[in-house]
There are 2 protein chains.
Amino acid sequence: MNIVEFAKILNLSIGTVSRALNDRAEVSPKTRQMVLEKAEELGFVRNTNARRLVIGRNYMIRIECPTSTHILSDRYLVELARGVEEVAGAHGYDLLLHLGTHRSDAVDVQEVDGLVIVAGSETTADDIRRLTQKGRTPAVVIAWATPLDFPAASYVCLDTLPGVREALECLASLGHRRIGYIGSGQPGQRLRDAFPRLMAEAGLTWDPALAREAGTTPDDGCRAALELLALSEPPTALFARTDVLASGAVQAVSQLGKTVPGDVSVIGHDNIEAAALVNPPLTTVAINIPDVAVLAVKALLAMITEKADPITLTVGTHLIVRRSCGPASS
Amino acid sequence: MNIVEFAKILNLSIGTVSRALNDRAEVSPKTRQMVLEKAEELGFVRNTNARRLVIGRNYMIRIECPTSTHILSDRYLVELARGVEEVAGAHGYDLLLHLGTHRSDAVDVQEVDGLVIVAGSETTADDIRRLTQKGRTPAVVIAWATPLDFPAASYVCLDTLPGVREALECLASLGHRRIGYIGSGQPGQRLRDAFPRLMAEAGLTWDPALAREAGTTPDDGCRAALELLALSEPPTALFARTDVLASGAVQAVSQLGKTVPGDVSVIGHDNIEAAALVNPPLTTVAINIPDVAVLAVKALLAMITEKADPITLTVGTHLIVRRSCGPASS
DNA sequence: AATAATTTCATGAATATTGTCGAATTTGCC
DNA sequence: GGCAAATTCGACAATATTCATGAAATTATT
């Protein structure tokens, strides 16, 4: 049934019905009420495509997420999508999903009003340029640390330093003085570089001898931890760049017949699902994804509806305290 | 730019341009070629809404997923979405995401050609009826074990028994005879009921004294395992209904000063991310989500494009062997 | 072999799809 | 009758597609 038939049944003109359905003022309250009731009763729904064609808007935003090398793990991706959908949905927008590489061409823009782009570690400014049709489609990019070099988009940057700062302050307050750093190689570069400064800010001194670059597996973390704990002046606490490495570090401690947090404290990063399940549950650095989603969508909607200028925001991480940290052993 | 302007630039009629773009036979190859090239060059894209309005199809399927009580964890949800997008995308369909409860009303059908509905444990046949507009919209439901009572939809059922059967056979072949069962309460009912039969099929005898219903946390699993291991004739292997419970069971074993898999073997269920990170990495029962996605979308596309009748398929779980199982200790 | 007749083919014009919105018109009320 | 509120009318959005047209190509006829 289309609006013509529907209007005929109601003995009203198409225009009146349309206005009633659009909640416009020029229609009498009783008429509106009647139209709404009848629509419900007869199951009449306007044709979305015709509607969008006429009003020239799609009420649709697409969320773009690369397959490989996520900033956000799958778990966070769902959380992000949920948040995005919630606030976008409240404004009448649908969410279109596009997983898979940013490089794929066949992305019919024209059918969305805006883009939420989750940048992977390999995403470049050129990718954003192409995805946004040279900036013609409003877009907000979820990026690590700093915006990409494409100023027509808005950015929500994920800054991991605040949470790490908290972590170090937490360790410092527990009396730890020698803190080991287990890195994950390439992607963690920025944190690695900032680590000495963060240590200083927490009133600690940075000893380069206590840093190891590990890989990505628990075993990598375990090996690095064993090395550090075998030093003549071993650290009393370990900070690992990822929870996976941290879980390996925990294993290393128990291999040495010691306990976490009794003998050694461990802090991870990312708050993966497993972090709460490891024994002991891991104190870790996390980011509030719903916050990110809300900020991103708000920025995007402002660009779409008010032609607002692109903005750059930063969301910091924070510490989640579980049971893997305790007072420094003397 | 719309097709009118575009046709004017090309000195062709709208009809010819449209035909060329739609790859229809009635247009000469040179003309088509020219149109395609020029479209690329001038960046002309047809208006999706007008297009869909005219052809009466949306080329869009929506994936429906309830917030609470997933059949599939978030991780699997992304995997499912990826699979769905891949095969649906290959047929020109976009993927619309709808997370949140199935109960929410404001779901403008009319704008999608089909639905992939992930049933939660609370989803009812009535929910499906409403979502599909009494069956008017083609739909495929991802459900546990058996179809819901709404035959207008297709079903891909997730059957956990095959993987559990494999698990028990694996334990039997390692010499285990007494196997403990740690359940998760309500949702695991079906497996619970089938467990004695599966035991028998693996050549084992079922002892009701070795069953405990735990909750959902690692601690629940730990407690249940401690109880079982304190029996006068304790089990030599533990099957836990979820990996979370299994991780608790592993903790229980080490609390008793014993090791997994040296003294006690443990098998989990679900293959959550953490399963591979626990120490030792957990042997567990998993389902192949990409398979599920592919089957679901194929069934759905058949319903959409060929008006195929709804079908019911079943995908079974399988065992993933890691390092938490070993020969029975004597 | 040449001309007429017929078929094939590409193209153009017109119409259909469904809803929105500004302008014009009707209705109601004083 | 005049004014305001409510309603109707008609143009418009962008594309697919049917039907008609003209040209070219093929066949038939003598």
Side-chain angles (χ1 to χ4, degrees), chain A residues 1-40 42-60 92 94 108-113 133 136-137 305, chain B residues 1-39 42-60 92 94 108-113 133 136 305:
Chain A
M1 178 162 53
N2 59 28
I3 202 172
V4 179
E5 297 176 48
F6 182 59
K8 199 161 289 174
I9 296 177
L10 267 58
N11 266 319
L12 285 174
S13 79
I14 304 169
T16 305
V17 173
S18 173
R19 264 179 279 267
L21 259 18
N22 281 315
D23 234 26
R24 299 183 69 92
E26 312 93 322
V27 68
S28 76
K30 316 119 207 170
T31 310
R32 186 206 322 287
Q33 172 96 11
M34 192 266 272
V35 171
L36 260 35
E37 276 171 12
K38 277 285 180 183
E40 176 77 19
L42 301 174
F44 167 68
V45 208
R46 287 168 295 182
N47 182 303
T48 312
N49 292 124
R51 189 141 202 280
R52 290 177 177 168
L53 169 61
V54 172
I55 60 187
R57 289 266 293 281
N58 301 90
Y59 284 102
M60 191 120 74
D94 278 336
D108 225 354
V109 182
Q110 295 284 94
E111 63 176 322
V112 296
D113 301 313
Q133 309 265 285
R136 256 174 284 154
T137 309
T305 59
Chain B
M1 178 163 51
N2 60 28
I3 202 175
V4 180
E5 297 176 48
F6 182 58
K8 200 161 288 173
I9 297 176
L10 267 58
N11 266 321
L12 284 175
S13 77
I14 304 168
T16 305
V17 172
S18 172
R19 270 180 289 257
L21 259 17
N22 281 312
D23 232 25
R24 299 183 70 93
E26 313 94 320
V27 67
S28 74
K30 316 120 208 171
T31 311
R32 188 206 321 288
Q33 171 96 14
M34 192 267 272
V35 171
L36 260 35
E37 276 171 11
K38 277 286 181 183
L42 302 174
F44 168 68
V45 207
R46 287 169 296 179
N47 181 303
T48 311
N49 292 124
R51 191 140 200 279
R52 289 177 177 170
L53 169 61
V54 172
I55 60 187
R57 288 269 292 282
N58 300 92
Y59 284 102
M60 192 117 76
D94 278 335
D108 228 354
V109 181
Q110 296 282 95
E111 62 176 321
V112 296
D113 301 313
Q133 309 264 287
R136 257 173 283 154
T305 59

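Because only heavy atoms are used, hydrogens play no part in the values below, and waters and symmetry mates are left out as well, while side chains stay in. Chain naming here is simple, since letters A, B, ... match the order of the sequence lines and numbering starts at 1 in each.
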Using atom CZ of A:F44 as one end and atom P of C:dT18 as the other, report the distance to the nearest whole Å.
10 Å

Using whole Å, what does the distance between atom C1' of nucleotide D:dC9 and atom NZ of A:K8 come to?
15 Å

Might you point out which heavy atoms bring A:L21 and A:F44 nearest each other, and give the distance in Å?
CD2-CE2, 3.6 Å

Check step by step if side chain to side chain contact (heavy atoms under 4.5 Å, CB included) holds for A:R51 and A:I3.
CA-CA 11 Å; A:R51 189 141 202 280; A:I3 202 172; over 6 Å; no

Under 3.5 Å donor-acceptor pairs involving side-chain atoms of residues 5-14 of chain A, not counting sequence neighbours:
residue : atom : partner : partner atom : Å
A:S13   : OG   : A:G15   : N            : 3.4
A:S13   : OG   : A:T16   : N            : 3.3
A:S13   : OG   : A:T16   : OG1          : 3.1

Sequence neighbours excluded, which residues qualify as side chain to side chain contact (heavy atoms under 4.5 Å, CB included) partners of A:R19?
A:R24, A:E26

Shortest side-chain distance from A:A50, nucleotide among C:dT18, D:dT15, D:dT7
C:dT18

Looking only at the side chain of A:R46 (C-beta and beyond, no hydrogens), which of the listed nucleotides C:dT20, C:dT11, C:dT18 gets closest?
C:dT20

What distance do B:T48 atom OG1 and B:L53 atom CG have between them, rounded to the nearest 0.5 Å?
12.0 Å

List in numerical order all residues of residues 12-24 of chain B for which some heavy atom is under 4.0 Å away from an atom belonging to DNA chain D.
B:G15, B:S18, B:R19, B:N22, B:R24

Quick check: does any side chain N or O of B:D94 sit under 3.5 Å from a backbone N or O of B:M60, one acting as donor and the other as acceptor?
no

Any side-chain heavy atom of B:V17 within less than 4.5 Å of one from B:K38?
no

Earlier contact from the 5' end, DNA chain D, for B:E26 and B:V4
B:V4

In whole angstrom, give the distance that lies between atom CG of B:N47 and atom P of C:dG19.
16 Å

Could you tell me how far apart B:M34 (CE) and C:dA10 (P) are, to the nearest whole angstrom?
14 Å

On DNA chain C, more 5' by nearest nucleotide between A:N2 and B:P29 is B:P29

Shortest non-hydrogen contact from B:L36 toward B:A20:
CD1-O, 4.1 Å

For A:R46 and A:N22, run side chain to side chain contact (heavy atoms under 4.5 Å, CB included): C-alpha distance rounded to whole Å, both residues' side-chain angles, the deciding distance at 0.1 Å, then the answer.
CA-CA 11 Å; A:R46 287 168 295 182; A:N22 281 315; 2.8 Å; yes

To the nearest angstrom, the CG-C1' distance between A:L53 and C:dC21 comes to 14 Å

Using a 4.0 Å heavy-atom cut-off, write out nucleotides 24-30 of chain C from 5' to 3' as B (base contacted by protein), S (sugar-phosphate only) or - (no contact).
-------

Nearest 0.5 Å please: distance from the NZ atom of A:K30 over to the CE atom of A:M34.
12.0 Å

Roughly how many Å is it from CZ in B:R52 to C1' in C:dG19, rounded to a whole number?
17 Å

With rounding to the nearest 0.5 Å, note down the distance linking CZ in A:R52 to CG in B:N49.
6.5 Å

When you measure from the side chain of B:N58 to the backbone N and O of B:D113, does any donor-acceptor pair fall under 3.5 Å?
no

Can you tell me which nucleotide in D:dA6, C:dT20, D:dA16 comes closest to the side chain of A:S28?
D:dA6

Rounded distance (Å) that lies between atom C1' of D:dC12 and atom CD1 of A:I55:
14 Å

Each nucleotide N or O in nucleotides 22-26 of chain D that has a protein N or O under 3.5 Å away: list the pair and distance.
none

Would you compute the distance between atom CG of A:D23 and atom CZ of A:R32 and round it to the nearest 0.5 angstrom?
5.0 Å

Global bending angle along the helix from C:dA1-D:dT30 to C:dC30-D:dG1, which compares the axes of five pairs at either end, to 10 degrees:
50°

In whole Å, what is the span from the CG atom of B:N49 to the P atom of C:dA16?
22 Å

Describe the nucleic acid contact of B:A25 in one word from base, sugar-phosphate, nothing, applying a heavy-atom distance below 4.0 Å.
sugar-phosphate

